[in-house]
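A quick write-up on the structure given underneath.
Order of the sequence lines sets the chain letters (A, B, ...), proteins ahead of strands, with each chain counted from 1. Atoms considered below: every heavy atom in the structure, side chains included; atoms not considered: hydrogens, waters and symmetry mates.
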2 protein chains.
Amino acid sequence: MESQDLRKVGLKVTLPRLKVLEILETSDQRHMSAEDVYKALLEMEEEIGLATVYRVLTQFEGAGLVSRLSIDGGHAVFELEDGTHHDHLLCVRCNGIEEFVDEVIEQRQRAIAKQKGFEMTEHSLYIYGICRKCQESQ
Amino acid sequence: MESQDLRKVGLKVTLPRLKVLEILETSDQRHMSAEDVYKALLEMEEEIGLATVYRVLTQFEGAGLVSRLSIDGGHAVFELEDGTHHDHLLCVRCNGIEEFVDEVIEQRQRAIAKQKGFEMTEHSLYIYGICRKCQESQ
DNA sequence: GTGTAAATGAGAAAAGTTTTCATTTATATT
DNA sequence: AATATAAATGAAAACTTTTCTCATTTACAC
């Protein structure tokens, strides 16, 4: 019932929005750039412009349907929002992304913000490295 | 004795390099974008091209004289390297940057990388929020 | 002083993303 | 079901940040 999801967050039900949502839900990559989504759309014969993909993803972000990761000064990748806060491990070799949750880190961050007098709005934590698979295959 | 600093890291002593170093050392902002440095140079009547500023900052980074922070998918800022590893708090209102060190977080990150089989190369942690000053003046 | 490799400046190019504006579409209203 | 209208879309241009190209200049070893 994807149409309902869109209406629920106050977005008109349009083909581009339905198709972008479909890609995000059915792709085997959990993390996709706008370009990735655009190419996946082309593969399913949906001629949706890249600008529209960006617009839709940005709206989805605003609506809380997806979250945006800003990777290392470069491009952004998007993931379907699943309600859990988590941080990311990025493989610098294969660009794979893994997720993790660590309550100790979460709590330390809140403590640091408080100690510095910051009203924390969000945080971003990326651990860069070489994933197990890439270490083995080399 | 800045010329020595440059020779020590194998960089020829040139006016642009000396001046960029001078800006970084004397500016009241510890964190500066390439654009900031470029403008500061113009203010001191040094007509050094922006491309050169980028090149010099990148070389300084390679030489370990400065480190580069990649802020939130956008532009990079540079800070003089002081030998201490630290992470950053960013004020979303005034764009101010504060630094902090937390051994617990450092250690947890290493543990997570290990647990996930990652060979960690680096990490980036930013806490976003509203700094004390901005909370008060509003 | 001179030669040579390295550095610089200016502008073009690149990458990722957003904006513009004319056209099309979804949906609230008749 | 037809229509009005506000919103969404496509295509191209614009924008932002950074890097590259290449002709000219400079640092420094000899």
So, OP1 or OP2 of [N]: does either fall under 4.0 Å of a side-chain N or O from [X]?
X: B:T14; N: C:dA6; answer: no
X: A:R17; N: D:dA8; answer: yes
X: B:Y54; N: D:dT18; answer: yes

Between atom [atom1] in [X] and atom [atom2] in [N], what is the gap in whole Å?
X: A:D36; N: C:dT17; atom1: CG; atom2: P; answer: 11 Å
X: A:E35; N: C:dT17; atom1: CD; atom2: C1'; answer: 11 Å
X: B:Y38; N: D:dT16; atom1: OH; atom2: C1'; answer: 15 Å
X: A:L42; N: D:dA11; atom1: CG; atom2: C1'; answer: 14 Å
X: A:L6; N: D:dA8; atom1: CG; atom2: P; answer: 11 Å
X: B:Q59; N: C:dT8; atom1: CD; atom2: C1'; answer: 10 Å
X: A:L50; N: C:dG16; atom1: CG; atom2: P; answer: 10 Å
X: B:L57; N: D:dT19; atom1: CG; atom2: P; answer: 10 Å

Could you check whether B:E47 gets within reach of a base, just the sugar-phosphate, or nothing at all, counting any heavy atom under 4.0 Å?
sugar-phosphate
Looking across every strand, which nucleic acid part, if any, lies under 4.0 Å from A:A76 by heavy atom: base, sugar-phosphate, or nothing?
sugar-phosphate
Strictly below 4.0 Å, N to O, side chains only: are A:E99 and A:R30 in salt-bridge contact?
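Salt bridge: yes.
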Would you mind checking if B:D5 and B:K8 are paired as a salt bridge, meaning a charged N to carboxylate O distance below 4.0 Å?
yes
Given C:dA5, C:dG9, D:dG10, the nucleotide with the shortest approach to the side chain of B:K12
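Out of C:dA5, C:dG9, D:dG10, the nucleotide with an atom closest to B:K12's side chain is C:dA5.
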Counting side-chain heavy atoms from CB outward, which of D:dA27, C:dG16, C:dT18 is closest to A:H75?
C:dG16
Between A:R93 and A:C134, what is the shortest heavy-atom contact and its length?
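Minimum heavy-atom contact is NH1-O, 3.7 Å.
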Tell me whether B:L18 is reachable from B:I48 by hopping between hydrophobic residues (I, L, V, M, F, W, Y) whose side-chain heavy atoms are closer than 4.5 Å.
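In one cluster: yes.
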Specify the residue among A:A51 and B:T58 whose closest nucleotide of DNA chain D lies further upstream toward the 5′ end.
A:A51
Using heavy atoms to find the nearest nucleotide of DNA chain D for B:L15 and A:T52 separately, return the residue whose nucleotide is more 5′.
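Closest to the 5' end, via its nearest nucleotide, is A:T52.
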Find which nucleotide of DNA chain C each of A:R55 and A:S33 is nearest to by heavy atoms, and output the residue with the more 5' nucleotide.
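Taking each residue's closest nucleotide, the earlier one in sequence belongs to A:S33.
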Do A:V13 and A:R17 touch side chain to side chain, with heavy atoms closer than 4.5 Å?
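No, their side chains stay 4.5 Å or more apart.
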